[in-house]
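One structure is given here, and the rest of the page talks about it.
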Amino acid sequence: MIPPSSYLTTWDFSVDPCDNIGPKFLGILCSSPSNNSKSRITTLELDGAGYDGFLPPRIGTLTELTSLDLSRNRFRGPLPDALKNLNKLTRLSLSGNFFTGGIWTWIYRLKKVERIDLSENCLSGRIPARISKLRRLTQLSLSKNEFSERIPNIYALQKLQILDLDSNMLIGSLPKLPPRLRTLRLSHNKLTGHITSLVNLDHLICVDVSDNWFTGPINRGVLALPRLSHLNVSFNQFTKMEVNNYFGSGSRLRTLDAQRNHLRGHLPVKLVNFERLEVINLAHNQITGQIPMAYGQRLGRPWRTLFLDYNFLSGRIPPEFGPVAVRIRGSLANNCLSCPLRIPLCRGQQRHASACHGVTDG
């Protein structure tokens, strides 16, 4: 059933949409030819009214389309090979549907496309290497599908700024990535190896590689990226977080989420040098030693979230954790700390003494 407010209620299939003006044919724009040539449809954008059915091969006859947006509907079935005929497209958004099958037979033919969003479908198979031929691409979102195998070499996409491959079944290590990336989302896959290669991506603002199988260190060069604001490396197998003594004051980092890894060693004192850092989550690791006294000076200034629970921290907590911690969201539970329950962050039991044997520190 098409709701009364949908775009389709304005369409009159007995006339040419390019010969009509006014409120008719919402979602359709046509070209304005400078000669005697006939107007052609250049934009087709449906509202998210729950349209159902298959995308017919005849979509390929709209060869003047520059924008095709069918997102947030219920279209299903394979994407027709005829999409390759839409070689003037600059924007393609088919997200939030039920499309199936692969994309390798047609996608690389869209040489003028700048933005592709096929997220939240049921697409599968590999991401074709020939996607690197789309040299004008600035945004590629294939998240929440069933793509598998390795991420292809896309370094040639020199204009790419947003790469979102979240929630697929991708495997293997990181390829060499385009240098202008600003947003990188690879969470909820099966990726392995190190993330050291990210240190060369100076334009990165947001990085989310959570819920993968990455190992090795959270590299000091990644934390030092000059524009990085959000870093989520949680739910991996990292063993070390490297924080240099000489950087942090100019950092734009606001969020650091490294929970549920295998981080060992002491808490890095130099995190206090990150002047804009507000949210820290290092819970569920294997961190030992005392909480640095300098951490107390950052509570509320500007730290507003601090989760250090489920580690093996020991000793007394800095005195600032008492009065200030009321305004701080977080937890110090399930450590080996001397942590009075009257302090909000200390609520929740500490580890049993037998679990703390050999790590307790004054």
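Quick caveat: nothing in here was measured; it's all calculated off a predicted structure.
Using modelled atom types and a 3.5 Å distance limit, the side chains of Ser187 and Asp211 yield no donor-acceptor pair.
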### Task
Check the pair Leu282 / Leu267 against side-chain contact (heavy atoms from CB on, under 4.5 Å), numbers first and verdict last.
CA-CA 9 Å; Leu282 302 177; Leu267 289 171; 3.7 Å; yes
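Here the closest heavy-atom approach between residue Ser132 and residue Ala156 is recorded as O-CB, 4.0 Å. Asn189 approaches Ser167 most closely through the heavy-atom pair ND2-N, 3.9 Å. Between Lys133 and Lys111 the shortest heavy-atom distance is O-CD, 3.9 Å.
Judged by distance alone, with hydrogens and angles left aside, the side-chain atoms of Asn85 form no donor-acceptor pair with the main-chain N or O of Leu83 at under 3.5 Å. With hydrogens and angles ignored, the 3.5 Å screen pairs no side-chain donor or acceptor of Asp19 with any backbone N or O of Pro17. In terms of modelled atom types and a separation under 3.5 Å, the side chain of Ser143 and the main chain of Asp164 share no donor-acceptor contact. Side chain of Asp309 to backbone of Phe307: no donor-acceptor contact under 3.5 angstrom is found. The closest donor-acceptor contact from the side chain of Asn311 to the backbone of Asn285 lies under 3.5 Å. A donor-acceptor pair is defined here as one N or O able to donate and one able to accept, closer than 3.5 Å; no such pair exists between the side chain of Arg304 and the backbone of Val279. Remark: the backbone N or O of Asn97 is paired with a side-chain donor or acceptor of Asn121 at under 3.5 angstrom. The main-chain N or O of Ala283 is found under 3.5 Å from a side-chain atom of Asn281 such that the two form a donor-acceptor pair. Side chain of Gln350 to main chain of Leu337: a donor-acceptor pair is present (N/O by atom type, distance under 3.5 Å, no hydrogens or angles). At least one donor-acceptor pair under 3.5 Å links the side chain of Asp12 to the backbone N or O of Ser14.
Heavy atoms of other residues, nucleotides or ligands lying less than 6.0 angstrom from CZ of Arg351 number more than 12. For Arg74, the CZ atom counts as loosely surrounded, since its 6.0 Å shell holds 12 or fewer non-hydrogen atoms of other residues, nucleotides or ligands. By the 6.0 Å contact criterion, CD on Gln158 is enclosed, its count of non-hydrogen atoms from other residues, nucleotides or ligands being greater than 12.
A salt bridge is defined here as a Lys NZ or Arg NE, NH1 or NH2 lying under 4.0 Å from an Asp or Glu carboxylate O, and Glu45 with Arg91 meets this definition. Under 4.0 Å is where a charged nitrogen must lie from a carboxylate oxygen, and between Asp16 and Lys38 at least one such pair does. Salt bridge Asp52/Arg76: present, at least one basic N to carboxylate O contact under 4.0 Å. A salt bridge links Glu242 with Arg220; the closest basic N to acidic carboxylate O contact falls under 4.0 Å.
Residues Thr63 and Asn87 fail the side-chain proximity criterion, which asks for heavy atoms closer than 4.5 Å. Contact annotation: the side chain of Val207 approaches that of Leu231 to within less than 4.5 Å [non-hydrogen atoms, C-beta and beyond]. You'll find the side chain of Thr305 stays beyond 4.5 Å of the side chain of Ile280, heavy atoms only. Looking at heavy atoms from C-beta onward, Glu275 lies out of side-chain contact with Pro302 at the 4.5 angstrom threshold. The shortest distance between side-chain heavy atoms of Leu191 and Ile171 does not fall below 4.5 Å.
Screening residues 254-267 for salt bridge (charged side-chain N to carboxylate O under 4.0 Å, His left out), with sequence neighbours left out, gives Arg254-Glu278.
A perpendicular orientation is assigned to the rings of Trp303 and Tyr295, their planes being inclined by more than 60° (bins at 30° and 60°).
Remark: Gln290 CD to Cys336 SG distance equals 12.5 Å, nearest 0.5 Å.
Applying the ring pair (Phe, Tyr, Trp, His ring centres under 6.0 Å) test to Tyr310 and every residue at least two apart in sequence or in another chain returns His284.
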